[in-house]
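Below: the structure, in structure tokens.
In listed order, ligands and their atoms are each counted from 1.
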Amino acid sequence: MSIDATHDPARRSWVESANTDATDFPVQNLPLGVFARAERPGEWRCGVAIGDMVLDLAVAAEQELLPAFGPQKFRGPLNTFMAQAPSRWRALRHAVSDLLSIGGANAARAQAMADALLVRQDAVTMRVPADIGDYTDFYASVYHATNVGSMFRPDNPLLPNYKWVPIGYHGRASSIVPSGAAVRRPVGQVSPNPNGPPTVGPSARLDYEVEIGAWIGGENALGVPVAISRAPERLFGITLLNDWSARDVQAWEYQPLGPFLAKNFASTVSPWIVTMDALAPFRAPAFARPGEDPAPLPYLHDPLDQAEGGLAISVECWIRSARMRTEGMAPVRLSEGSSRDLYWTFAQMVAHHGSNGCNLRPGDLIGSGTVSGAEKGSRGCLLELCWRGTEPVTLPTGETRSFLADGDEVTLRGRAHANGYRSIGFGECAGVILPAVGQE
Ligand code: MN
């Protein structure tokens with residue numbers, strides 16, 4: 001990770017909306033996504049978010065504004081670009097920064113053809129940015145693991161493996177949807193009595209999980225482990241991830257093999273991938289393990305990763321009920337957490353995932369697990385925030401929530417700050433809950 005001219009806080013874009021303090025997408029960010037113009041639905045192109053606009057990389061390449069990327073088509077999902085070397089990812093960042101920065105190489109030409117190169121973000125449809133071959137969800141917040149564990153095992157909240165193994169499970173890629181897609185309340189088996197018998201019906205304990213998603217770049221051959229020292233180059237970038245969860249279904253089904261239908265009915269990702277290069281100024285030391293905790297095993301320990309493998313990203317969760325929308329009320333914030341509270345770095349998750357020779361492929365997605373911190377206001381799901389339904393939250397309408405109701409809109413937002421650098425954001429990761437099938 002290195003800081004260079006693309007991170008210079010003095011850089012300004014000729015796209016005016018990129019220069020406001022409020023924007024998530026100043027010229028220092030340059031996240032990648034895949035979009036279609038309204039008049040050409042289904043014609044997916046790679047783009048870069050800049051202010052409230054999208055730079056069409058396919059047009060930029062056709063117009064020879066990206067000379068080092070001549071044959072690159074920049075159409076369809078990002079997998080082929082993710083398969084390239086990290087030096088290519090960085091080269092594209094530099095080329096685009098030069099295109100969009102005032103005084104940059106090619107900026108005058110780009111500005112002259114702005115109408116062809118730029119399209120408004122509110123006039124495009126975004127898709128999931130890569131075809132996801134495999135999705136793995138970790139459990140990296142020790143606060144989340146301790147809170148949830150203490151609800152179910154008050155005497156023994158953290159299982160003995162937690163501080164040795166980055167715990168995870170294989171999730172489902174087919175049901176990952178982009179921000180804005182509605183989420184249907186699932187129907188499933190639930191059992192109020194832990195010994196059964198269960199009933200079947202719409203989940204009554206539908207929850208969100210505030211997570212950070214990491215996209216894999218490059219590929220390791222099957223059977224060839226990923227060394228912790230090489231893991232950073234396998235990280236392409238970061239998005240926000242909402243791992244919707246049906247807690248009542250989960251409680252009945254999770255033993256002995258872990259979550260299954262409680263979590264695979266939908267997961268929402270934010271459409272813009274903030275690259276690891278963009279995040280260079282926002283690196284942080286890995287989680288400070290208390291003295292009594294074991295040191296990471298050698299295959300999970302790298303001095304550089306310990307020094308700067310963490311990320312300082314704050315993640316917020318906002319809610320707006322159907323009634324709040326009807327009454328014209330703004331969403332209210334439920335929580336704010338930080339990725340600094342993750343016990344494992346993403347490099348450790350990647351190194352662990354590949355340690356047995358499992359092949360990770362371009363476009364694979366890794367979830368952090370619910371991002372929760374030590375304070376109540378940082379708890380990243382309703383199960384924790386409302387403590388298993390015992391401490392409901394009250395909305396401005398007077399409605400209360402322990403779990404999600406039909407019509408609730410949940411929006412995640414993320415932001416990275418560091419002294420001396422331009423703050424960057426992640427855009428939105430939002431979804432509205434639809435009633436279960438047959439319940440409308
Ligand atoms: Mn999760």
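- For the atom pair CH2 (Trp272) and CG (Leu30), the distance works out to 10.5 Å, reported to the nearest 0.5 Å.
- For the pair Arg172 and Phe260, the cation-pi test (distance below 6.0 Å, angle within 45°) is failed.
- Inside a sphere of radius 2.8 Å centred on the Mn ion (ligand 1), the protein N/O/S atoms present are Asp137 OD2, Glu209 OE1, Glu211 OE2, Asp243 OD2.
- Taken to the nearest 0.5 Å, the CZ atom of Arg120 stands 5.0 Å off from the CG atom of Asp52.
- A salt bridge links Asp207 to Arg247: at least one charged side-chain nitrogen sits closer than 4.0 Å to a carboxylate oxygen.
- We find that Asp243 and Lys263 are joined by a salt bridge, their nearest charged nitrogen and carboxylate oxygen being less than 4.0 Å apart.
- We find that Asp56 and Arg37 are joined by a salt bridge, their nearest charged nitrogen and carboxylate oxygen being less than 4.0 Å apart.
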